Amino acid sequence: MNNTVNNSTDNSWDVLKNSTIMLVDDEPVMLHIVRALLEEAGYENFITVEHSPKAIPTMEEGHPDILLLDLDMPELDGFQVLKQIRDHERFHHLPVIILTAAEAPESKLVALELGATDFLSKPVDPSELALRVRNTLSAKAYQDQLAFYDNLTGLPNTQYFLDLMSWSLQSAKREKNSLVLMDIGLDRIKNINESMGMSVGDQVQQVIADRLKQVIRGSDLVGLASGQDSGENIARISGEEFSIVLNGLENVDKAILVCLRVLEAIKEPININGSNLYVNAGIGMSVYPDDGEDVETLVKNARAAMEAAKQQGTGKFLYYSSEMNAKTLANLKMESDLKRALEKDEFELYFQPKIEVKTGRTVGVESLVRWNHPEDGLVSPTKFIPIAEKLGLIVPLGEWVLDKACACMSQLNAHGFADLKVSVNVAAQQFEDITFQDAVAAALARNRLNPNNLILEITESSLMGDFEQNIDVMQQIRRLGVAFSLDDFGTGYSSLNYLRRFPISELKIDRSFLTNIRTKREDRAIVAVIIALAHSLGQKVVAEGVEEEIQLKFLEQRNCDIIQGFYFSKPLSFNNLKAFLRDDSELATG
Ligand code: C2E
Ligand code: MG
Ligand code: MG
């Protein structure tokens, strides 16, 4: 008996001591003392604010459970802060204990009218402080439970869930994030209620609620707002419907992984009084901002998608918009195809000639990977490289490219094009992989390629991570005899300071500057400056994406060293490259 009582008080204390206590007082010493006293009493989470105009914004970030508020403060006094709180759609129920030195009863009266929950006089008495805070928090916890949570499952009730969702939506708008609302429709609950009794139906829902909490808590995919409990973004909407809000997803496609986990969890047998029951579900999803900008629309659309999903059979999920469904299906398919593409030898390396302006000779080629998809034909690297990066396939793919490029160039070097160089694009993940240096050395050795004929193309953004470490790696690779080229220059940081420090021998001006050279004076000026700058640092300049004579003329005038673009040649298969080089050398000698 005694045990039970102790247990229950212990449990509620566990909940209370995790409460977030916010203190607003213009005197730092006071903040210090009150906090120390409450820490002594066992509380662990505090937010302190010294500058009262910051109270509300801080509150919106930190979600306190209780506020201890000083009255006499410059700028915004306690009355004004209290009024703002009571007018705030989110905090009008927040318990506020007023700390005041003023004995004056009229100020207490004013504070009461403004909605103060309780008072404490300064200087604070430690045991009184602990008692008031604890009582207020217990009362709040009890009221919250009644007002905001569903009796059966302990999850937020519909009204509170909609409030939580509208707050999540506001922060998504502010931070320009997307948000996914999942509507989970259970099958068979009505059936179970009718045939086995409501209490069995209730138990089933409790089990499912617990499983949903576990899925969300265990999910590395779901971001929770600070101060938010993992149960806070799940709600029981009705007897056979649950909802989940997913925010902070790195990508809305990821919601699918959550759907799969949810469906899996619901499908597990549910043991009621020794026998197993099976429940299934369909899930609909709506996405902010694509499918709606307000709570009502998102809820409506998620439900419509859920109903459509249920019509397709059990255990299905659907997005509201057909484009989203098509896109995610296509992405999923591309992901699974890409995983097999290396084994199935579906990649091919193309080469685009680089022409020296002064001589008109082909001095090098850039290798550009292509994916020969068995059904979709040639897929552009701009489509599949980002996916390969996401799936961690870029490292093995990059090694394949490197090896192939070295093999092809070694063959050309041995057959009359001894000075020709090959450029290989390197993704950030590859470069940061500790095996990268060895992979480069191995590819050179395996294919007997002269290191001087290999250039690695890298972008600024991939060098920005661990700056010193990256310079180090570059220098070591440089020592092998391999050169570096900075790709897509002008689109990233374009920091002159970095430019000086990286051991780079070549700089590639991004195609976007050349597109507008005819019409945009600034772009002409930028290109001219980049060329002059690179030359002053002893680097060669390559202009990418040259398509027209007028661009070529301009670049020639500005002493650009090398040109790459459709004007001379598109990227070519290895066989076509050999033909191109033969014609080229015949022209030169003939
Ligand atoms: P990038 O390295 O900047 O490659 C230049 C891109 O510009 C190539 O597109 C090329 O076909 C295109 N291009 C060249 N001249 C012209 C022109 O005159 N006009 C136009 N409109 N485009 C031109 P591609 O082959 O589609 O490759 C796109 C990007 O994919 C590459 O940009 C590179 O970032 C990446 N990529 C390609 N192959 C590899 C690879 O093996 N590894 C890695 N990590 N990335 C690669
Ligand atoms: Mg490149
Ligand atoms: Mg480029």
Side-chain angles (χ1 to χ4, degrees), residues 338 341-342 346-355 362 364-372 377-409 421-433 436 439-440 443 454-463 483-492 494 504 506-518 527 530 541-552 555 560 562-574 576-577 580:
L338 197 56
L342 252 186
E346 290 171 357
F347 292 109
E348 187 176 350
L349 213 50
Y350 272 54
F351 300 90
Q352 187 174 34
K354 291 165 71 185
I355 315 295
T362 303
V365 295
E366 175 176 9
S367 64
L368 294 159
V369 66
R370 300 288 178 262
W371 178 16
N372 273 311
L378 223 54
V379 187
S380 157
T382 52
K383 272 212 179 120
F384 68 83
I385 296 273
I387 299 177
E389 286 177 340
K390 194 178 89 182
L391 297 176
L393 295 173
I394 194 73
V395 174
L397 173 60
E399 280 182 10
W400 179 88
V401 168
L402 187 63
D403 194 63
K404 194 82 183 168
C406 290
C408 293
M409 191 44 64
K421 298 175 197 284
V422 67
S423 299
V424 174
N425 290 288
V426 176
Q429 271 179 48
Q430 266 179 285
F431 185 74
E432 280 161 11
D433 196 283
F436 183 61
V440 173
L454 177 63
I455 302 175
L456 298 176
E457 287 194 8
I458 196 148
T459 61
E460 275 174 288
S461 55
S462 47
L463 293 173
F484 280 96
S485 169
L486 199 61
D487 204 357
D488 303 340
F489 188 77
T491 58
S494 314
I504 286 161
E506 180 186 276
L507 195 147
K508 296 184 96 168
I509 304 178
D510 191 68
R511 179 159 66 86
S512 58
F513 292 105
L514 299 172
T515 328
N516 299 321
I517 239 168
R518 197 209 304 250
V527 170
I530 295 177
V541 180
V542 181
E544 302 190 87
V546 175
E547 294 180 354
E548 299 166 349
E549 173 122 28
I550 188 163
Q551 295 169 321
L552 177 65
L555 292 161
C560 180
I562 296 167
I563 306 278
Q564 183 184 337
F566 296 171
Y567 181 79
F568 289 108
S569 170
K570 294 204 162 183
L572 305 167
S573 66
F574 188 47
N576 287 342
L577 172 69
F580 176 92

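By convention here, the first residue in the shown sequence is residue 1. Remember, it's 1-based here, ligands and their atoms both numbered in the order they're listed. The structure displayed is predicted, hence computed values, not measured ones.
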Pick, from Phe347, Phe568, Phe566, Phe384, the option with the minimum heavy-atom distance to atom 16 (C) of ligand 1. Phe566

Where ligand 1 meets Val401 - atom numbers and elements under 4.0 angstrom, heavy-atom basis: 41 (O)

Which atoms of ligand 1 sit under 4.0 Å from any heavy atom of Gly565? 15 (N), 18 (O)

With heavy-atom distances below 4.5 Å as the criterion, would you say the side chains of Pro571 and Phe566 are in contact? yes

Could you tell me which N, O or S atom of Asp488 is nearest to the Mg ion (ligand 3)? OD1

Looking only at N/O atoms, are Tyr567 and ligand 1 under 3.5 Å apart anywhere? no

I'd like to check Phe351 versus Leu349 (side-chain heavy atoms, cut-off strictly below 4.5 Å). Are they in contact? yes

Given OE2 of Glu366 on one side and OE1 of Glu457 on the other, what angle do they make at the Mg ion (ligand 2), to 10°? 90°

In Asp487, what N, O or S atom is nearest to the Mg ion (ligand 3), if we give its atom name? OD1

Considering only NZ, NE, NH1 and NH2 on the basic side and carboxylate oxygens on the acidic side, decide whether Lys354 and Glu506 come within less than 4.0 Å. yes

Would you mind telling me if ligand 1 is within reach of the side chain of Arg370, the backbone, both or neither, using heavy atoms under 4.0 Å? side chain

Asp488 and ligand 1 - part of the residue with a heavy-atom distance under 4.0 Å: side chain

Any non-hydrogen side-chain atom of Thr362 less than 4.5 Å from a side-chain atom of Phe568? no

Tell me the contacting part of Gln352 for ligand 1: side chain, backbone, both, or neither, using a 4.0 Å heavy-atom threshold, strictly below. side chain

Would Glu544 count as a contact for the Mg ion (ligand 3), in the sense that one of its N, O or S atoms lies under 2.8 Å from it? yes

Do any heavy atoms of Gly398 fall under 4.0 Å from ligand 1? no

Candidate list Arg511, Lys508, Glu544, test side chain to side chain donor-acceptor pair (under 3.5 Å), partner Gln564, passing option: Lys508

For ligand 1 and Val369, I'd like to know whether there is a polar contact (N/O to N/O, distance under 3.5 Å). yes

Looking only at protein heavy atoms, which one is nearest to atom 28 (C) of ligand 1, and what is the separation? Thr382 CG2, 3.6 Å

Which residue and atom name correspond to the protein heavy atom nearest atom 20 (C) of ligand 1, and how close is it? Glu547 OE2, 3.2 Å

The atoms of ligand 1 lying under 4.0 Å from a heavy atom of Val546, numbered in the order shown, are 18 (O)

Any N/O/S atom, backbone or side chain, of Asn425 lying under 2.8 Å from the Mg ion (ligand 2)? yes

Among non-hydrogen protein atoms, atom 24 (P) of ligand 1 lies closest to Pro381 CG, 3.7 Å

Hey, is Leu368 touching ligand 1 through its side chain, its backbone, both or neither, going by heavy atoms under 4.0 Å? both

Hey, which atoms in ligand 1 end up nearer than 4.0 Å to a heavy atom of Ala427? 44 (N)

Residue portion contacting ligand 1 (non-hydrogen atoms closer than 4.0 Å) for Ile385: side chain

